[in-house]
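Notes follow once the structure below has been shown.
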Amino acid sequence: MGNLCTCFSPKTPVKTKKPTKRLQGNSQTAPNSSNRWTRVRSTRKDTHDALIHEQALAAAILFRQHQQQNGSDSGSFPFDRSISLRYPNGSGSKKTQLPRSSSSRARSLTDPLLQPHQLVNRDIKLDDLDTNHFVLVHGGGFGAWCWYKTIALLEEGGFKVTAIDLAGSGIHSFDTNGVTSLSQYVKPLTDFLDKLADGEKTILVGHDFGGACISYAMELFPHKVSKAIYVAAAMLTNGQSTLDMFSQKAVSSDLMQQAQIFVYANGNNHPPTAINLDKSLLRDLLFNQSPGKDVALASVSMRPIPFAPVLEKLTLSDFKYGTVRRFYIETSEDNAIPITLQESMINSSPPEKVFRLKGADHSPFFSKPQALHKLLVEILKIPST
């Protein structure tokens, strides 16, 4: 989202199984056995038992190697800290800073999905949580489709998930050029929150421009939001618009300028109604660390971004918006909302806690889905102060 606003701001060993030997001579094969391969003096049960024994030995060897590599002979299997390593408080920093958590891992760039029990501590009791309902709000040009990995991981972990399509986004049928206000753009989200039963709470997760959208909703329904999580998102202050925020730290970039294609549905003599992004530049801007298949998905799924909501200033009060616990997840390799701009927003309106996803681009639900999932659940588990 950040890239689409800059033009309005100043320039500035695994053991392998041995192949079965071919039978020599003219021995007869047992009934129902293969005509191509035959085993000597071995029944099917013997073969099956031998295979199980071999696999068990291999697993035991790998387990032992893992313990030795981690310096542990106690027999306990240490939790893999490859996703999120929290910096302890009072670690000798020169000045008091917000507590942070940092992702550092040796897995592949595409961050293949694992099973939930490999990612999250298994001591979670859903009944003990204030809520287990995540509401995911996409960023500008995206849709609910962008959360597909996050949705799968959370649902498999037993959490409730709702992904919203904002007006004119995703499969929402409204014409993007007809969105003339932030309230209209966010209406699918506010309608959803309005219909929740009394006492039912959610965790709002906003990405990109979706950050401004969840802030708007928090002002209207603070009693229905337990926590708010901003993922490389616009976290505004009172009286600030998304354009204002990006203008403060805008840095000129030929790539950003080239990516923006303004749509003038009301004629060239009127303000733009929407903004498109050049599909040939999507990878460099939004998905520079993401798998190619996800870039392909985005290239055929992204829609124009309504322009009017970007210009609208938010009204945020301490006794409504200010009562919701906020958390921020930074993305270190972000080319759309650079880390310096993320830090600026955090300093202007400090959240309760800040986390960082190392190696994540602007779309961590694609580039670091495991790490993002881990942090979402970690934040969910943070108790009330």
Note to self: Please verify the inter-ring angle class for Y148 with F366; under 30° counts as parallel, over 60° as perpendicular, anything in between as tilted.
What the structure shows: tilted
Notebook entry, point to check: Side chains of V186 and C213: does their closest heavy-atom pair fall under 4.5 Å?
Noted result: yes
Next item on the list: Enter the distance from T162:OG1 to L189:CG here, rounded to the nearest 0.5 Å.
Entry: 10.5 Å
Checklist line | Main-chain N/O of G359 paired to S332 side chain as donor or acceptor, under 3.5 Å | finding: yes
Next item on the list: For D165 and A144, indicate whether the former's side chain and the latter's backbone hold a donor-acceptor pair under 3.5 Å.
Entry: yes
Note to self: Rounded at 0.5 Å granularity, tell me how far CG in N335 sits from CZ in R283.
What the structure shows: 12.5 Å
Margin query: Whether the side chain of S241 engages the backbone of D244 through a donor-acceptor N/O pair (distance < 3.5 Å, no angle test) should be reported.
Written below: yes
Check: Would a distance-only check, ignoring hydrogens and angles, find a side-chain to backbone donor-acceptor pair under 3.5 Å from K368 to L357?
Finding: no
Check: Are side-chain heavy atoms of R326 and S349 found at a separation under 4.5 Å?
Finding: yes
Check: Is the Y185 to Y216 ring centre distance short of 6.0 Å?
Finding: no
Next item on the list: State whether the side chain of T131 and the backbone N or O of K201 hold a donor-acceptor pair below 3.5 Å, judged by distance alone.
Entry: yes
Next item on the list: Please work out which of the three classes, parallel, tilted or perpendicular, describes the rings of F327 and F355, given edges at 30° and 60°.
Entry: tilted
Notebook entry, point to check: Do N238 side-chain atoms and L316 backbone N/O form a donor-acceptor pair below 3.5 Å?
Noted result: yes
Note to self: Between S290 and D361, is there a side-chain donor-acceptor contact under 3.5 Å, judged purely by atom types and distance?
What the structure shows: yes
Checklist line | E219 side chain to Y321 backbone, donor-acceptor under 3.5 Å | finding: yes
Check: How many angstroms lie between CG in L285 and OG in S363, if you round to the nearest 0.5 Å?
Finding: 10.5 Å
Note to self: Using 0.5 Å steps for rounding, measure from the CG atom of D194 to the NZ atom of K187.
What the structure shows: 9.0 Å
Next item on the list: Report yes if the side chains of M302 and W145 come closer than 4.5 Å at any heavy-atom pair, otherwise no.
Entry: yes
Check: Are side-chain heavy atoms of L220 and L193 found at a separation under 4.5 Å?
Finding: no
Next item on the list: Determine, for R356 against E343, whether the closest basic-nitrogen to carboxylate-oxygen distance falls under 4.0 angstrom.
Entry: yes
Note to self: Donor-acceptor pair, distance only, cut-off 3.5 Å: does the side chain of Q342 make one with the backbone of I337?
What the structure shows: yes
Next item on the list: Give the C-alpha distance, both sets of side-chain angles, the deciding distance and a yes or no for side chain to side chain donor-acceptor pair (under 3.5 Å) between S181 and E312.
Entry: CA-CA 7 Å; S181 67; E312 191 167 327; 4.9 Å; no
Notebook entry, point to check: So, do F365 and D294 sit near enough that their side-chain heavy atoms are less than 4.5 Å apart?
Noted result: no
Margin query: Counting neighbours of CG on D191 that are heavy atoms of other residues, nucleotides or ligands and sit closer than 6.0 Å, is the number greater than 12?
Written below: yes
Check: Is the backbone N or O of T340 less than 3.5 Å from a side-chain atom of S344, with the two atoms forming a donor-acceptor pair by type?
Finding: no
Check: Aromatic rings H207 and W147: how do their planes relate, parallel, tilted or perpendicular, breaks at 30° and 60°?
Finding: perpendicular
Note to self: Distance check, rounded to the nearest 0.5 Å: S367 atom OG versus K149 atom NZ?
What the structure shows: 8.5 Å
Check: If Ile, Leu, Val, Met, Phe, Trp and Tyr residues are connected whenever their side-chain heavy atoms lie under 4.5 Å apart, and connections chain through other members, are I382 and L375 in the same group?
Finding: yes
Check: T331 and H362: side chain to side chain donor-acceptor pair (under 3.5 Å), yes or no, with the steps?
Finding: CA-CA 6 Å; T331 46; H362 186 60; 5.1 Å; no
Checklist line | Expected output: side-chain R303 to main-chain G168 donor-acceptor under 3.5 Å | finding: yes
Notebook entry, point to check: With side chains defined as the heavy atoms from C-beta onward, is the minimum distance between I379 and I329 less than 4.5 Å?
Noted result: yes
Notebook entry, point to check: Just wondering, do T273 and F307 contact through their side chains at under 4.5 Å, heavy atoms?
Noted result: no
Notebook entry, point to check: Got a second to check how far N132's CG is from L380's CG, nearest 0.5 Å?
Noted result: 7.5 Å
Next item on the list: Measure the shortest side-chain to side-chain distance between H138 and L136 over non-hydrogen atoms and say whether it is less than 4.5 angstrom.
Entry: no
